[in-house]
Amino acid sequence: MSIIDDAKMRLRRTMMFVPGNTPKMINNAALYGADTLMFDAEDAIAISQKDSARNLIKYALQCLPFPCETAVRINHITQTPYGIDDLKAILPSKPNLIRLPKTESVEEVQIATNMIEKTEIKENMKKGSINIICAIESVRGLYEVQKIAKEPRVIAIALGGEDFIADLRTQRTLGGIELYYARSEILMAARDAGIQAIDTVFADVYNTDGFKAEVTRSKDMGFDGKSVVHPLQIEIVHEIYTPSKEEIEHSLRVLTGYKDAIDNNRGVLAVDGKMIDGPIVVRARRIVDQAIAAGIIKRKDIQHEK
Ligand SMILES: CC(C)(COP(=O)(O)OP(=O)(O)OC[C@H]1O[C@@H](n2cnc3c(N)ncnc32)[C@H](O)[C@@H]1OP(=O)(O)O)[C@@H](O)C(=O)NCCC(=O)NCCSC(=O)C[C@@](O)(CC(=O)O)C(=O)O
Ligand SMILES: [Mg+2]
């Protein structure tokens with residue numbers, strides 16, 4: 001597998017936004033256990049702070065030993081005067097991901113890709129060391145998402161729900177009806193391209209019940225993870241997105257039983273009273289892969305892998 005293929009599979013239950021102009025938040029950000037830290041140079045940063053945020057993010061990436069994936073949300077490449085300067089300053093500091101906000105065209109992605117490829121060569125980095133996550137935050141972007149998702153450096157599509165509903169001229173509801181179509185379309189485009197889909201932020205930080213309901217819904221839809229804005233949200237997402245002990249044990253029984261069935265020329269079997277065939281095995285394998293990625297079990301300890 002290439003490094004880009006690996007990046008498409010990585011565990012990304014939580015991508016926590018960290019405003020790029022707050023030294024204290026940046027310094028402590030890794031303590032909270034998010035799968036990805038996303039340093040923001042875009043909408044969390046006032047125009048007057050754009051240069052200082054860019055510099056702070058750059059030095060943080062160079063000097064702090066982040067134990068997790070790092071991403072930087074830059075400003076828009078063609079619609080603002082800051083995006084290209086963000087890339088020039090930040091790429092040599094080697095974040096794992098660049099998040100392109102308000103993505104609306106393949107051309108924007110290709111500009112970023114070209115700059116990334118030049119940096120990788122100049123800095124003697126392996127091809128695929130820096131990849132792209134595109135945020136869809138407008139109807140125009142949604143209409144282009146199928147093409148955007150298939151750009152070779154794009155490893156995930158995120159929904160930017162707050163901007164999206166502003167474009168739709170509606171407001172956020174707890175039921176989420178206003179984002180249902182966008183979420184579905186983003187998921188289909190991501191799956192068609194073989195990449196991940198990351199759900200949007202939930203801004204009502206202390207509304208735990210509302211947050212849990214939204215995270216459960218987006219996980220049930222098929223999303224791989226969620227953008228978050230506050231450390232309190234991380235544990236909730238991880239709990240909902242990490243397979244339970246019962247799910248893992250059942251999935252392991254399915255995989256072991258299926259291997260045994262195939263070895264005995266059978267394509268279908270029953271485990272725990274339920275019929276097991278091909279697609280159910282695919283889902284069981286995914287749960288086991290998630291459990292391995294989350295560090296709950298080790299591949300070497302799995303019976304059917306031996
Ligand atoms: C919400 C609030 C102001 C609350 O502040 P408060 O001060 O009340 O928080 P407290 O409860 O006091 O914090 C307790 C302790 O946690 C520390 N702590 C808090 N948050 C932390 C954090 N994020 N990173 C590290 N550390 C953190 C804090 O430093 C303190 O540490 P300590 O003093 O040591 O105890 C704060 O969280 C915050 O700024 N969040 C990030 C906001 C942001 O980035 N927005 C832009 C991205 S969304 C967007 O743009 C929309 C989008 O584009 C999205 C899309 O595309 O998906 C779209 O269109 O939808
Ligand atoms: Mg936004």
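Both ligands and their constituent atoms are indexed starting at 1 by order of listing.
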Using modelled atom types and a 3.5 Å cut-off, is there a donor and acceptor pairing between side-chain atoms of Gln79 and backbone atoms of His76? no
Ligand-side contact atoms (ligand 1) for residue partner Met16, heavy atom cut-off under 4.0 Å: 24 (N), 25 (C)
Using a plain distance cutoff, I'd like to know if Asp163 has any nitrogen or oxygen under 3.5 Å from a nitrogen or oxygen of ligand 1. yes
What do you think, any protein heavy atom under 4.0 angstrom from atom 30 (C) of ligand 1? no
How does Tyr206 reach ligand 1, if at all, at less than 4.0 Å between non-hydrogen atoms: by side chain, backbone, both, or neither? side chain
Under 3.5 Å, is there a donor-acceptor pair between the Gln233 and Thr14 side chains? no
Given Ala44, Pro19, Ala29, which one has a non-hydrogen atom that is nearest to atom 45 (N) of ligand 1? Ala44
Identity and separation of the nearest protein heavy atom to atom 20 (N) of ligand 1: Pro231 CD, 3.4 Å
Using a strict 4.0 Å cut-off to heavy atoms of Lys24, name the atoms of ligand 1 that fall inside it. 31 (O), 32 (P), 33 (O), 34 (O)
Among all protein heavy atoms in this structure, tell me which lies nearest to atom 44 (O) of ligand 1, with the distance rounded to 0.1 Å. Phe17 CB, 3.4 Å
Nearest protein heavy atom with distance in Å, relative to atom 38 (C) of ligand 1: Val229 O, 3.8 Å
Donor-acceptor under 3.5 Å (Asn264 side chain, Asp260 main chain): yes
For Gly161 and ligand 1, answer yes if some heavy atom of the residue is under 4.0 Å from a ligand atom, otherwise no. yes
Would you mind listing which atoms of ligand 1 come within a distance below 4.0 Å of any non-hydrogen atom of Val18? 24 (N)
Taking the basic N atoms (NZ, or NE/NH1/NH2) and the acidic carboxylate oxygens, is any pair closer than 4.0 Å for Arg73 and Glu42? yes
Do Tyr241 and Ile292 land in one hydrophobic cluster if side-chain heavy atoms of ILVMFWY residues count as linked below 4.5 Å? no
Strictly under 4.0 Å, does any heavy atom of Ile26 approach an atom of ligand 1? no
Could you check atom 55 (C) of ligand 1 against the protein and tell me its nearest heavy-atom contact, residue, atom and distance included? Arg99 NH2, 3.2 Å
Among residues at least two apart in sequence or on other chains, which ones pass salt bridge (charged side-chain N to carboxylate O under 4.0 Å, His left out) with Asp51? Arg54
Could you measure the distance from the CD1 atom of Ile240 to the NZ atom of Lys212? Nearest 0.5 Å is fine. 7.0 Å
Does the N or O separation between Glu137 and ligand 1 drop below 3.5 Å for any pair? yes
Phe39 touching ligand 1 at heavy-atom level, < 4.0 angstrom: no
Any protein heavy atom lying closer than 4.0 Å to atom 5 (O) of ligand 1? no
May I ask you to list the atoms of ligand 1 that are less than 4.0 angstrom from any heavy atom of Thr200? 57 (O), 60 (O)
Would you name the N/O/S atom of Asp163 that lies closest to the Mg ion (ligand 2)? OD2
Applying salt bridge (charged side-chain N to carboxylate O under 4.0 Å, His left out) to Glu117 and not counting sequence neighbours gives Arg153
For atom 14 (C) of ligand 1, the closest protein heavy atom turns out to be His230 NE2, 3.9 Å
Ignoring hydrogens, tell whether any protein atom lies closer than 4.0 Å to atom 34 (O) of ligand 1; use the non-hydrogen atoms only. yes
Rounded to the nearest 0.5 Å, how far apart are CD1 of Ile297 and CD1 of Ile302? 4.0 Å
To which protein heavy atom is atom 60 (O) of ligand 1 closest, and what is the distance rounded to 0.1 Å? Glu162 N, 2.7 Å
Please indicate, with yes or no, if any protein heavy atom is found under 4.0 Å from atom 47 (C) of ligand 1? yes
Any heavy atom of Ala135 closer to ligand 1 than 4.0 angstrom? no
Would Thr80 and Asn75 count as a side chain to side chain donor-acceptor pair (under 3.5 Å) here? Give the steps. CA-CA 7 Å; Thr80 75; Asn75 290 279; 5.0 Å; no
Quick one: do the Ser52 and Asn21 side chains pair a donor with an acceptor below 3.5 Å? no
Tell me which one of Arg12, Met15, Gln196 satisfies side-chain contact (heavy atoms from CB on, under 4.5 Å) with Ile133. Met15
The protein heavy atom nearest to atom 15 (C) of ligand 1 is Tyr32 OH, 4.2 Å
Record the part of Leu232 in heavy-atom contact with ligand 1 below 4.0 Å; permitted values are side chain, backbone, both and neither. neither
Any atoms of ligand 1 less than 4.0 Å from a non-hydrogen atom of Arg73? List them with their elements. 46 (C), 47 (C), 49 (C), 50 (O), 52 (C), 53 (O), 56 (O)
Does Glu151 reach the main-chain N or O of Lys147 with its side chain, forming a donor-acceptor pair under 3.5 Å? no
Is the distance from the Mg ion (ligand 2) to the nearest N/O/S atom of Asp43 under 2.8 Å? no
Looking at Glu120 and Ile130, would you say the former's side chain and the latter's main chain have a donor-acceptor pair under 3.5 Å? yes
Is it the case that the side chains of Gln110 and Thr113 hold a donor-acceptor pair, with the cut-off being a distance below 3.5 Å and no angle test? no
Give the atoms of ligand 1, by number and element, whose distance to some non-hydrogen atom of Asp40 is under 4.0 Å. 46 (C)
Stepwise, does the ring-ring contact (aromatic ring centres under 6.0 Å, His included) test hold for Phe66 with Phe39? CA-CA 12 Å; Phe66 293 108; Phe39 302 109; 5.2 Å; yes
Identify, by name, the N, O or S atom of Glu137 lying closest to the Mg ion (ligand 2). OE1
Specify whether an N/O/S atom of Glu162 falls short of 2.8 Å from the Mg ion (ligand 2). no
For Thr242 and Arg13, which I'm curious about, is there any donor-acceptor pair between the side chains at under 3.5 Å? yes
Does any N or O in the side chain of Lys226 come within less than 3.5 Å of the main-chain N or O of Thr200, such that one atom is a donor and the other an acceptor? yes
Any non-hydrogen protein atom below 4.0 Å of atom 12 (O) of ligand 1? no
Does a donor on one side chain sit under 3.5 Å from an acceptor on the other, for Ser93 and Gln62? yes
Considering non-hydrogen atoms of the protein only, which is the closest contact for atom 26 (N) of ligand 1, and what is the distance? Met25 CG, 3.6 Å
Counting both backbone and side chain atoms, is some N or O of Val205 under 3.5 Å from an N or O of ligand 1? no
